[in-house]
Amino acid sequence: MILPVIAYGDPVLRKVGKDIDKDYPNLSKLIENMKETMYNANGVGLAAPQIGKDIRLFLIDASPFSENEELDEEERAFLKDFNKVFINARIVEEEGEDWGFSEGCLSIPNINEEVMRQETIHVTYVDENFLPQKATLSGLAARVFQHEYDHIEGVLFTDKLSTLKKRLLKKKLENISKGKVDVDYRMRFPKLKR
Ligand SMILES: [Zn+2]
């Protein structure tokens, strides 16, 4: 089932997500619905707060980036298979140079801005079977993880922009929260007047 994506301005996007355990109700169905929702909106990631749940769960399928010919072959091969569910994730350490990349977000349609993030991250999480996992990610894989991880910490990519950029985007963001945006997937807008 395709779920409505929660738009910018909803308080659920500002909550720090709670850890879950394997008794979380209907978890496999929730994951299945989130996947369907992500693919329907052509997203490369979706975090639980974006469908209204303040829990530490997100999905990534970075395979569309594997077609980017500007990346080297090794990174493209990694991204092709970077399709995972992350539960109770923690970024243990970030390292390397900051680099910029134009990001977007399913909760903030039609806005793309360059965000600076560190190159490499060391992470822990449990997978769909609640088996503990560790990973070191770099480049675009790290970036998508950092973006989704921010969601379960109540942070959005627009928070990371300069004061000037934020001021320039203020009206657009306000309009998104009111539903005044052209979008071709289901959304829920916090300030929509009926
Ligand atoms: Zn996002």
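Counting convention: from 1, in listed order, for ligands and their atoms alike. Quantities reported herein were computed from a predicted structural model and do not represent experimental measurements.
Within the protein, the N, O or S atoms sitting under 2.8 Å from the Zn ion (ligand 1) are Cys105 SG, His147 NE2, His151 NE2.
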Would you check, one step at a time, whether the test salt bridge (Lys or Arg N to Asp or Glu O under 4.0 Å) holds for Lys191 with Glu174? CA-CA 9 Å; Lys191 294 182 186 166; Glu174 190 62 29; 3.5 Å; yes
Checking side-chain contact (heavy atoms from CB on, under 4.5 Å) for the pair Tyr24/Ile87: CA distance, chi angles, key distance, verdict? CA-CA 11 Å; Tyr24 189 83; Ile87 297 170; over 6 Å; no
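Look at Lys35 and Glu32 and you find no salt bridge, because none of the NZ, NE, NH1 or NH2 atoms lies under 4.0 Å from a carboxylate O. Ionic pairing of Glu103 and Arg143 is present here: one or more N-O contacts between side-chain nitrogen and carboxylate oxygen are shorter than 4.0 angstrom. Looking at Glu113 and Lys160, no side-chain N of the basic residue comes within less than 4.0 Å of a carboxylate O on the acidic one, giving no salt bridge.
Aromatic ring centres of Phe65 and Phe82: separated by at least 6.0 Å.
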